[in-house]
> 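Just passing along the structure, written as structure tokens.
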Amino acid sequence: MQTKSILTLFSAAVMSLVLFTSAGNKPKRLFMVGDSTMADKTELDISPERGWGQLFPTYLTEDIIVENHAMNGRSTKSFIDEHRWDSVLSRISRGDIVIIQFGHNDQKITDPNRYASIEDYENNLMLMIEQAKKKGADVILCTPISRRAFNKQTGEFIHKHGGYPEAAKRVAQRMKVPMLDLEEATAQWLTELGDEESKQYFMNVAPGECQKFPDGKIDNTHLRENGALIVGKMAADMIVSQKIKCLQKSIVLDATEPKYTTFCRPNMPTDSKKTESDQKADLK
């Protein structure tokens, strides 16, 4: 009888150890939620446009699995209304990480499908954070990256996001989540570069440069690969400097070769060729 009890206890201990080890070896998943400045781009062969989230694996260890659910033209409102957030939430489990960056499209007051007032923007962010936390995830909030804008007379950098960056900071403080102030970091970067030198990091495309825009394009919101790498590095630096526990040990700051996400948006079957034209409601 005593031998049987010892064997039972031993078996239970072994099983617990196996379960503990399996749980400990579970790769971390990083969910990226945001707009086109963060999103994966699919037309890599005909356009140099890249989202900073698409290049963020460059600064991560191999044990982090990145799911980039950021989508062109979305605001907190449209991301929620289209049930994209519900789909992301259904995939989140304890120990996962969620990085959220919105604001570019929330401010578009002429578009009722995307516009979110400052108050609604804050409420939408708080909803996402609260629901992700309830699933056991760690959340990191970002301010929107700066648009490239300079005063033509003075050369002074112009902030274009109004009160949305400050609103995001208030939410981060209220909800007790880490804040990556990418708006301020990119503003400083652009200010140091100046108007002319900063053009090379954005989608200012010369005629004949790429197949997608044969006549050229002027776009001071979306990034090229070199810009996406720099913004991703800013985010990685802040995670380390702020000692954000959920991701700090998984950051690689001395990376030399770009690494991309594996393009996949498993949560939204509507992301098809039929809806691609609608998805090109990119930021102007």
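Remember, it's a predicted structure, so these values are computed and weren't measured experimentally. Index from 1, following the sequence.
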> Does a salt bridge link Asp181 with Lys169, judged by any charged N lying under 4.0 Å from a carboxylate O?
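Salt bridge: yes.
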> So, do Val205 and Cys210 sit near enough that their side-chain heavy atoms are less than 4.5 Å apart?
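A side-chain contact exists here, since the closest heavy-atom pair is under 4.5 Å.
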> Looking only at side-chain N and O atoms, does Ser78 offer a donor or acceptor that is under 3.5 Å from a partner on Arg114?
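No - no donor-acceptor pair under 3.5 Å links their side chains.
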> Under 3.5 Å, side-chain donor or acceptor atoms of residues 224-248 against the rest of the protein: list the pairs with distances, not counting sequence neighbours.
from: Arg224; atom 1: NE; to: Phe202; atom 2: O; distance (Å): 2.9
from: Arg224; atom 1: NH1; to: Glu209; atom 2: OE2; distance (Å): 2.8
from: Arg224; atom 1: NH2; to: Asn204; atom 2: O; distance (Å): 3.0
from: Arg224; atom 1: NH2; to: Glu209; atom 2: OE1; distance (Å): 3.2
from: Arg224; atom 1: NH2; to: Glu209; atom 2: OE2; distance (Å): 2.9
from: Glu225; atom 1: OE2; to: Tyr260; atom 2: OH; distance (Å): 2.5
from: Asn226; atom 1: ND2; to: Gln200; atom 2: O; distance (Å): 3.3
from: Lys233; atom 1: NZ; to: Asp237; atom 2: OD1; distance (Å): 3.4
from: Lys233; atom 1: NZ; to: Asp237; atom 2: OD2; distance (Å): 3.3
from: Ser241; atom 1: OG; to: Asp237; atom 2: O; distance (Å): 3.1
from: Ser241; atom 1: OG; to: Met238; atom 2: O; distance (Å): 3.2
from: Gln242; atom 1: NE2; to: Met179; atom 2: O; distance (Å): 2.9

> As a quick check of understanding, evaluate salt bridge (charged side-chain N to carboxylate O under 4.0 Å, His left out) for Asp40 and Arg50, giving each step before the final call.
CA-CA 7 Å; Asp40 287 350; Arg50 307 289 186 264; over 6 Å; no
> Rest of the hydrophobic cluster containing Ile46 (Ile/Leu/Val/Met/Phe/Trp/Tyr, side-chain heavy atoms under 4.5 Å)?
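Once heavy-atom contacts under 4.5 Å are chained together, Ile46 still belongs with nothing else.
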> Looking at residues at least two apart in the chain, or sitting in another chain, which of them share a side-chain hydrogen bond (donor to acceptor under 3.5 Å, both in side chains) with Ser47?
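side-chain hydrogen bond (donor to acceptor under 3.5 Å, both in side chains) list for Ser47, sorted by chain: empty.
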> Nearest 0.5 Å, what's the CD1-SG distance between Ile99 and Cys142?
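Here the rounded value is 6.0 Å.
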> Enter the distance from Met38:CE to Gln101:CD here, rounded to the nearest 0.5 Å.
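Interatomic distance, Met38 CE to Gln101 CD, rounded to 0.5 Å: 5.0 Å.
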> Hey, are the side chains of Leu223 and Ile145 touching, using non-hydrogen atoms and a 4.5 Å cut-off?
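A side-chain contact under 4.5 Å exists here.
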> Working note: Glu166 + Arg170, criterion salt bridge (charged side-chain N to carboxylate O under 4.0 Å, His left out); need CA distance, chi angles, decisive distance, verdict.
CA-CA 6 Å; Glu166 289 303 318; Arg170 287 195 297 271; 5.5 Å; no
> For the residue pair Asn124 / Thr76, report whether a side-chain donor-acceptor contact shorter than 3.5 Å exists.
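The answer is yes; a qualifying pair exists.
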> Could you walk me through whether His104 and Phe102 pass the ring-ring contact (aromatic ring centres under 6.0 Å, His included) check?
CA-CA 6 Å; His104 285 89; Phe102 286 102; 9.8 Å; no
